[in-house]
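Here is the structure we will look at.
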Amino acid sequence: MIQTIVISTIIILGGIAGYLERSLSSNGAIAAVIVGAAVYFGFGIKGLLLLGLFFITSSLWSKYKSSAKKDIEEKLAKGATRDWGQVAANGGSAALISIIYYFQQDLVWLIGFIVCLASSNSDTWASEIGTLSKRKPLYIRTFKPIEKGTSGAVSLLGTTAAIFGSMLIAFAGAWLFDLQLFHVFIIFLFGFLGNVIDTIFGAYYQQVYICNKCGIATEKKVHCQMAAKRIKGYHLVDNDMVNFLSGLIAALLAMIVIYFVTR
C-alpha cells in the first residue's frame, strides 16, 4: 500500500515536472500520468523505468539544438511540447497492453509492450536527430531530396538514430525483465520496423496542407492564422494517428512471431 502511494506520487510529480520543463502541455501531463499509472498497474516499477527511459531520452533530443529546429516546426503539426494526443500516440498502446498484461501475464504481452516503446523511441530519435542532418533527406515516394521535416523522408543520420533508439529500449527491456538474446533481437527489429511503417504511412497516407498565405507545405490545419488547404492524405490520418498505428502494428507483428516461436 505504501509503495503504491509513493509510486503514484512519483508518477504525478513526473507529470508536473514535464509540464514545468515544457516537455508536456497541461493536458499532456495529465495523459502522461494516466499512461504511467497504467504501465505501473501492469508491469510495476520495471515498466515505469522503461517508460521513463523513453520519455527522458526523447525529451532531451527534442530540446537538443531546438533553435536549429524552429523553421522545421512550421512544417509540423505540433512542436516539442507534447499534448495529450502525442502522449496517447506514443504511449497509448503500451498503456493498453499493460492493463491486459495485469490479467494475462504472458511473455507475448511483455514483448508487445517493449516493442511499443522501442518503436516510439526509434521514431522520435529519427525525427529529432535526423532533422539536424546537413544534407536534405530523401522522399521515399520519389527518392529525391526534399525539405527537412517532411513526413515520409529519410536520411542516413535519422536512420542511424532510429536504429540506436530501438536498440536502447531493446537492451534496457531485456535487462529489466531478464529476457533472452533472441527477445532482444525481436524487440529491436520490430521497434525499428515501427519507424519504417511510420515513414511509409507518412509518405502515402498522412495529411499535408498548404498555407494559402505563405505557401508553405505543413501538417498544420491552420497556418498564418487562417485555414490551410489539404493537398495530400486522408482526413483522419494526422501525425498522432500515424505514430499510434505504426507502434501498434509493429507490436502486433512481434507478438505474432513470439506466439508461434514459443508455442
Side-chain angles (χ1 to χ4, degrees), residues 28 31 58 62 69 72-80 82-97 112 115-131 133 136-156 158-159 161-163 165-166 189-212 215-223 227-256:
S58 296
S62 294
K69 303 174 184 176
I72 297 173
E73 287 185 1
E74 287 300 310
K75 297 176 66 66
L76 304 177
K78 300 172 183 177
R82 294 174 173 83
D83 62 11
W84 74 269
Q86 289 167 293
V87 173
N90 288 291
S93 295
L96 177 60
I97 290 176
V115 168
C116 282
L117 296 182
S119 174
S120 295
N121 208 50
S122 179
D123 177 60
T124 304
W125 282 35
S127 299
E128 297 297 342
I129 300 175
T131 53
S133 175
K136 286 186 176 182
L138 298 180
Y139 191 42
I140 65 169
R141 294 184 65 167
T142 62
F143 289 98
K144 294 182 179 180
I146 198 168
E147 293 299 320
K148 295 178 182 178
T150 302
S151 295
V154 296
S155 67
L156 179 59
T159 302
I163 290 172
S166 181
L189 179 63
F190 284 93
F192 178 69
L193 179 62
N195 171 69
V196 174
I197 295 172
D198 186 283
T199 302
I200 294 172
F201 281 5
Y204 288 93
Y205 305 110
Q206 185 175 332
Q207 58 192 9
V208 176
Y209 296 83
I210 188 167
C211 178
N212 292 311
I216 189 176
T218 177
E219 296 174 2
K220 300 179 188 290
K221 295 181 180 181
V222 177
H223 197 271
K229 180 181 178 181
R230 181 158 57 93
I231 58 174
K232 183 180 81 68
Y234 296 90
H235 180 64
L236 295 176
V237 186
D238 58 8
N239 186 252
D240 289 342
M241 179 64 73
V242 168
N243 287 341
F244 177 78
L245 289 176
S246 59
L248 180 61
I249 291 171
L252 290 175
L253 291 175
M255 289 165 65
I256 291 172

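Remember, predicted model here, so these are calculated numbers, not experimental data.
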Exercise. Heavy-atom distance under 4.5 Å between the side chains of Leu156 and Ser133, does that happen here?
Worked result: no

Exercise. With a 4.5 Å limit on heavy-atom distance, are the side chains of Arg82 and Ser62 in contact?
Worked result: yes

Exercise. Going through the checks in order, is the side chain to side chain donor-acceptor pair (under 3.5 Å) test met by Asn121 and Ser58?
Worked result: CA-CA 7 Å; Asn121 208 50; Ser58 296; 3.3 Å; yes

Exercise. Under a 4.5 Å cut-off applied to non-hydrogen side-chain atoms, are Gln86 and Asp240 in contact?
Worked result: yes

Seminar exercise, completed: CG (Leu96) and CZ (Phe244) are apart, to the nearest 0.5 Å, by 7.0 Å

Exercise. Got a second to check how far Thr124's OG1 is from Ile129's CD1, nearest 0.5 Å?
Worked result: 10.0 Å

Exercise. Which atom names give the shortest non-hydrogen contact between Ala250 and Gly194, and what distance separates them?
Worked result: CB-CA, 3.7 Å

Exercise. Got Pro137 and Val154 here, is their nearest side-chain heavy-atom distance under 4.5 Å?
Worked result: no

Problem set entry | Ser246 side chain to Asn243 backbone, donor-acceptor under 3.5 Å | yes

Exercise. About how many Å separate OG of Ser122 and CG of Leu193, when rounded to the nearest 0.5 Å?
Worked result: 9.5 Å

Exercise. Between Cys116 and Ile97, does a side-chain contact (heavy atoms from CB on, under 4.5 Å) hold up when you go through it step by step?
Worked result: CA-CA 9 Å; Cys116 282; Ile97 290 176; 3.8 Å; yes

Exercise. What are the two closest heavy atoms between Ala153 and Ile146, and how far apart are they?
Worked result: CB-CG2, 3.8 Å

For this session: Could you grab the distance from atom CG of Asn90 to atom CG of Asp123, nearest 0.5 Å is fine?
Result: 7.0 Å

Exercise. Considering only heavy atoms from C-beta outward, does the side chain of Phe201 approach that of Val237 to under 4.5 Å?
Worked result: no

Seminar exercise, completed: Closest heavy-atom pair, Asp238 versus Gln207, reported as atoms and distance to 0.1 Å, is CB-NE2, 3.3 Å

Seminar exercise, completed: Note: Ala251 and Gly112 closest approach over all heavy atoms is CB-O, 3.6 Å

Exercise. For the side chain of Arg141 and the backbone of Tyr204, is there at least one donor-acceptor N/O pair under 3.5 Å apart?
Worked result: no

Exercise. Would you say Tyr139 has more than 12 foreign heavy atoms packed within less than 6.0 Å of its OH?
Worked result: yes

Exercise. Below 4.5 Å, heavy atoms only, C-beta onward: do Gln206 and Asn239 meet side chain to side chain?
Worked result: yes

Exercise. Any side-chain heavy atom of Ile197 within less than 4.5 Å of one from Phe190?
Worked result: no

Problem set entry | Heavy-atom closest pair, residues Pro145 and Leu138 | N-CD2, 3.7 Å

Exercise. Do you know which two heavy atoms are closest between Ser119 and Gly247, and how far apart they sit?
Worked result: OG-CA, 3.5 Å

Exercise. Hey, does Thr199 have a side-chain heavy atom less than 4.5 Å from the side chain of Ile140?
Worked result: yes

Problem set entry | Test side-chain hydrogen bond (donor to acceptor under 3.5 Å, both in side chains) applied to Asn195 - qualifying residues, sequence neighbours left out | none

